[in-house]
Amino acid sequence: MGARVTLALCMASLLAACSTTGATEKVASVPEAPADTPYPSTYHRYPGTPTALVGATVFDGAGGEIDNGTVLFADGAVVAIGGPELEIPAGYTRIDGTGKFVTPGVIDIHSHLGDYPTPEVQANSDGNEATSPTTPEVWAEHSVWPQDPGFTRALANGGITTLEILPGSANLMGGRSVTLKNVPSRTLQGMKFPGAPYSLKMACGENPKRVYGNKGRMPSTRMGNFAVNRQTWLDAKAYAEGDRKKRDLAKETLAGVLDGKILVQNHCYRADEMALVLDMAKEMGYHVAAFHHAVESYKIADLLREADVCSAVWSDWYGFKMEAYDAIPENAALIANAGACVVIHSDDANGIQRLNQAAARAQADGRRMGIDIPDAQVVGWFTLNAAKAMGIADQTGSLETGKMADVVLWNGDPLSVYSRPEKVWIDGALMFDALDRKRRPVSDFELGQPGEGDVK
């Protein structure tokens, strides 16, 4: 019992007393949020020590690969990256990575951890405000439960350091997303990625027309989907072009999209619908950051490249509903081969723990059809490309000087099914160590429960 109480207290204090530095206070690392931000991030990085990873194969996330590489980070940021000749300053903790691999922290652009948490029961089902086909006024962060055990499993098994939590796809406009740093926190704001832009979750296709058609209301068809969307955008444009003095939470979100301050993450499966959405975006004056699931992106990869739209895809989910019927496992490889942006995403509490393996499967499927994509580029599918589509690539997603020190040391090739994260740093703080049981955070909710902290 005493050990459990100690762990609970440690978690409640955000692991400050469990840091490698022995500090009892977290170190401020980000500027304060603007005064007009109603739910500002209170995230501060955990304490860490200057660290040198030496001798490993380094994939920088931006397409670079260094054999026998060296990665230096301190004060929450990457200091330098290079080969064995890179000088290690005094005071750095040296970690031998011989035979191991280093990548940026893994990023999942499409997660429902926290708003569809474990245990998966109706009382915890908070991802879809399925009461109106357009609900841009809701914010996913107001549903996220920070004690979801899925967060720590994503960290330990998948090396996840950053993730975007989205509303579900029942609605044409499901609400705002929130981007989180994958750290233990008593509050959602304590996980909130500082400065990350919001995204508007949109959905096309079967889900909205099924949900609302079954309720005997519009939309019940794909043409109804577009009609409702277009009218909602027209109303939002009128609001945005006015004085905006009368607050309207739904229209504030849509005006933010039209202003270019809020991104669009669009659930969409079929190629023809994605092409129509691109036309609607031109008509209404917004840009789609990424199509999610996008199982038919391979059919219009050239259009997506020209529009600078990423495809956030699974490697091989197929056929679970009609609009997923024409999915092919070569999708990601064909998109990449056309020069368009590929992101591997999860949409699943288990899949988020194995994005590296999903990327490897997609790479292998491409290779079997004659498209050979280098390992270093594939690593970018679950690091830098995700950061790009989330609007945070200037801060994380690759190992570059000055960026956040979100780093994973893998015990083997990250594109091998046999490899696992050995150590994970977030902003330079060691948050998980497979070799040290004290570095395996456990959700307070799990304490005393069967399978407490199980990461298999």
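Atom set for the values below is all heavy atoms of this structure, side chains included, hydrogens, waters and symmetry mates excluded.
Salt bridge annotation for D326-K299: present, with a cationic side-chain nitrogen under 4.0 angstrom from a carboxylate oxygen. Salt bridge present: R244 and D259 bring a charged side-chain N and a carboxylate O closer than 4.0 Å. Electrostatic pairing of R153 and E446 counts as a salt bridge here, judged by a charged N lying under 4.0 Å from a carboxylate O. Ion pairing between R305 and D302 fails under the 4.0 Å rule for side-chain N and carboxylate O.
Contact record, I426 with T161: CG1-CG2, 3.7 Å, taken as the closest heavy-atom pair. Annotation for A275 and I300: closest pair N-CD1, 4.2 Å, computed over non-hydrogen atoms. The two residues Q395 and K403 have their closest heavy-atom pair at O-CB, 3.5 Å. The two atoms that bring I109 and A386 nearest to each other are CD1-O, 4.2 Å, heavy atoms only.
Every side-chain contact (heavy atoms from CB on, under 4.5 Å) that S315 has, sequence neighbours left out, goes to A358, R361, A362. For A434, the side-chain contact (heavy atoms from CB on, under 4.5 Å) partners two or more places apart in sequence, or in a different chain, are F432.
The aromatic rings of Y325 and Y318 sit tilted, their planes meeting at an angle between 30° and 60°. The aromatic rings of W314 and Y269 lie tilted to each other, with the angle between the two planes from 30° to 60°.
In this structure, a donor-acceptor pair under 3.5 Å is present between the side chains of E400 and S398. Donor-acceptor pairing under 3.5 Å is lacking for the side chains of S111 and E164. For the residue pair N124 and E120, no side-chain donor N or O sits within less than 3.5 Å of a side-chain acceptor on the partner. Looking at T135 and E129, their side chains never bring a donor and an acceptor atom within 3.5 Å of each other. For H345 and D108, the side-chain atoms include no donor-acceptor pair closer than 3.5 Å. There is a side-chain donor-acceptor pair under 3.5 Å between N157 and R420. Side-chain contact, Q189 with S41: no donor N or O sits under 3.5 Å from an acceptor N or O. A side-chain donor from one of T396 and D406 sits under 3.5 Å from a side-chain acceptor of the other. K201 and N171 share no side-chain donor-acceptor pair at under 3.5 Å. For the residue pair D427 / Y43, a side-chain donor-acceptor distance below 3.5 Å is found, with atom types taken as modelled.
You'll find the ring centres of H267 and H110 outside the 6.0 Å limit.
Between V288 and M202 the shortest side-chain heavy-atom distance does not fall below 4.5 Å. Here the side chains of T103 and D60 are not in contact, with every heavy-atom distance at 4.5 Å or above.
Sparse packing is recorded around OH of Y418, with 12 or fewer heavy atoms of other residues, nucleotides or ligands lying under 6.0 Å away. By the 6.0 Å contact criterion, NZ on K282 is open, its count of non-hydrogen atoms from other residues, nucleotides or ligands being 12 or less.
The stretch residues 371-380 participates, sequence neighbours left out, in these side chain to side chain donor-acceptor pair (under 3.5 Å) pairs: Q363-D375, R367-D372.
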Q.
For a ring pair (Phe, Tyr, Trp, His ring centres under 6.0 Å) check, start with the C-alpha distance between F59 and W381, then their side-chain angles and the critical distance, and finish with the verdict.
A. CA-CA 12 Å; F59 293 118; W381 292 356; over 10 Å; no

E252 vs K246, salt bridge (Lys or Arg N to Asp or Glu O under 4.0 Å): CA-CA, chis, key distance, verdict
CA-CA 10 Å; E252 283 179 6; K246 182 179 179 180; over 6 Å; no

